[in-house]
Amino acid sequence: MEINEANVFEQPLHVGRPNMGDRDKFLALASEIFDRRWLTNDGPLVREFESSLSEFLGVKHVIAVANCTLGLELVVEGLGLTGEVIVPSFTFVATAHAIAWRGLRPVFADIDPETHTLDVESVRNRITSETSAILAVHLWGRPAAVRELQQLADEYGLKLILDAAHAFGVATESGSIGNFGVAEIFSFHATKFFNSFEGGAISTNDDVLAANLRLSRNFGFAGEDNVIRLGSNAKMTEICAAMGLVNLDDVEKFTEINTSNFERYSRKLADIRGITLHEVAPEGTKSNHQYVVALVAGGRRDDVISDLRSHNVLARRYFWPGAHRMEPYRSHWPNAGKGLPHTEAVADQVVVLPTGSAIDADAIDRVTDIIAGTLAR
Ligand SMILES: Cc1ncc(COP(=O)(O)O)c(C=O)c1O
């Protein structure tokens, strides 16, 4: 390939470079933590973070956790799920792992190629007498088909859980993400547009589930020396809650930056043949635009990525090759791909481009120029 020296970035341009809130506010909270010597175990900052999140999401209960993966595991356990749980394969592998880790079987359903979220008919076709739940993902922050999935779950007496790792700050006409299904689970990992270093939160309007999750994230302790149920260690630390609180103050600013980046990519990519931008915000949706997802046709996706990388733009394939092609699922169900044609096709075309506060309009123009050069060859 030809390298256009003028377009080589001096510093690597990463996907998911962390957004950082106000340094002084964070240091002031860190200083309070030093004074209090209360580092973890349901500290005052964790409680404040939880109530701020409840208010932000408009949901009754928020249980802060160490990360989204543990949050998913606690929900699977807390709901007493058994047997099979239907999930997309086109997601980060943690969605499936959380089920398998609890000794259940993830059953992979296909996605709708337009939305990249679970295809409701594909889910219906996989329901058996062993199915106990549907775990859908708001992939890229695009809301899953919650109404239809809830109807299906009700029809068969299943629980609906939503992996909302990508969907913090997303709202639909029927309300904010965080209020659907029996519980939704967010990730505040460093690479998410809203982070608490590492972290996550479970949101639910179910009082009994919330009370159980509070116990299970802390080994099942109901008081000193009094363990009343099975539990794990999924507690959020005070320093993570401090980062979450500080970043929450800037969440609208981060969203505005992402939205304006998305709009610029959209204008620039519209003129390039062979690449299309994935729509993450259908009519009536407020999006966080944390991912700029493009689809490259004609088997040229990997050329685009390798040219971008030669220019120090660290664009990425995501969620390639699909969880069903990763271990242990690949060995258990080697033919799963036959029932997942859209997952396979989409996973082969997706490229995720850098966004967030680390990129500006000029950099987006250079990135899209590199892509145009590749696809013109
Ligand atoms: C869809 C999805 N689910 C779950 C997770 C796991 O989140 P965490 O890293 O907070 O455990 C991620 C993380 O990237 C994700 O993208």
Side-chain angles (χ1 to χ4, degrees), residues 14-19 49 53 62-77 85-102 106 108-109 111 115-118 133-144 146 149 160-170 177-178 180-181 183-203 213 217 232-237 240-241 243-244 247 278 280 287-293 316-324 326 329 343 346-347 350 352 355-356:
H14 291 271
V15 169
R17 185 153 179 254
N19 284 327
F49 188 39
L53 290 172
V62 169
I63 298 99
V65 284
N67 56 61
C68 173
T69 307
L70 279 167
L72 288 164
E73 288 171 28
L74 294 191
V75 170
V76 169
E77 193 276 340
V85 176
I86 301 176
V87 281
S89 165
F90 192 56
T91 175
F92 184 59
V93 73
T95 316
H97 275 358
I99 297 163
W101 196 256
R102 293 288 320 149
F108 295 115
I111 51 165
T115 66
H116 297 188
T117 62
L118 269 181
I134 302 164
L135 171 48
V137 181
H138 303 299
L139 204 81
W140 318 126
R142 179 168 178 139
V146 277
L149 288 169
L160 175 64
I161 309 164
L162 286 313
D163 176 337
H166 301 177
F168 188 73
V170 173
I177 297 297
F180 297 103
E184 302 214 46
I185 305 95
F186 296 93
S187 171
F188 306 144
H189 181 257
T191 54
K192 301 296 183 286
F193 94 111
F194 169 69
N195 80 81
S196 63
F197 296 132
E198 288 248 18
I202 306 164
S203 64
L213 292 169
R217 85 169 159 187
S232 183
N233 183 0
K235 296 184 267 62
M236 177 177 272
T237 62
C240 288
M243 187 65 162
N247 282 336
H278 176 60
V280 286
S287 177
N288 58 31
H289 282 296
Q290 72 172 304
Y291 293 99
V292 175
V293 181
R316 293 186 52 187
R317 298 188 285 218
Y318 255 68
F319 294 102
W320 185 87
H324 69 287
M326 294 181 176
Y329 317 110
T343 299
V346 170
V350 160
V352 175
T355 185

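All ligand and atom numbering here is 1-based and tracks the order in the structure. Quick note: numbers below take in every heavy atom, side chains included, and nothing from hydrogens, waters or symmetry partners.
- Considering backbone and side-chain N/O of Glu198, none are found under 3.5 Å from N/O of ligand 1.
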| field | Worked check of side chain to side chain contact (heavy atoms under 4.5 Å, CB included) between His324 and Thr343 | value | CA-CA 10 Å; His324 69 287; Thr343 299; 4.0 Å; yes
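- Considering backbone and side-chain atoms together, Asp163 places an N or O closer than 3.5 Å to an N or O of ligand 1.
- The protein atom (non-hydrogen) at minimum distance from atom 12 (C) of ligand 1 is Phe92 CD2, 3.4 Å.
- Note: Phe49 and Phe194 have tilted aromatic rings, judged against thresholds of 30 and 60 degrees for the angle between ring planes.
- Considering both main-chain and side-chain atoms, Cys68 comes within under 3.5 Å of ligand 1 through a nitrogen or oxygen pair.
- Ligand 1 lies less than 4.0 angstrom from a heavy atom belonging to Gly199.
- Among protein heavy atoms, atom 11 (O) of ligand 1 sits closest to Thr69 OG1, 2.6 Å.
- Of the protein's non-hydrogen atoms, Lys192 NZ, 2.6 Å is the one closest to atom 14 (O) of ligand 1.
- Distances between N or O atoms of Thr91 and those of ligand 1 include no value under 3.5 Å.
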| Test side chain to side chain contact (heavy atoms under 4.5 Å, CB included) applied to Ile63 and Arg217, step by step | CA-CA 9 Å; Ile63 298 99; Arg217 85 169 159 187; 3.7 Å; yes
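- Summarising the contacts of atom 2 (C) of ligand 1 with Ser187, Ala165, Ala164, the nearest heavy atom is found in Ala165.
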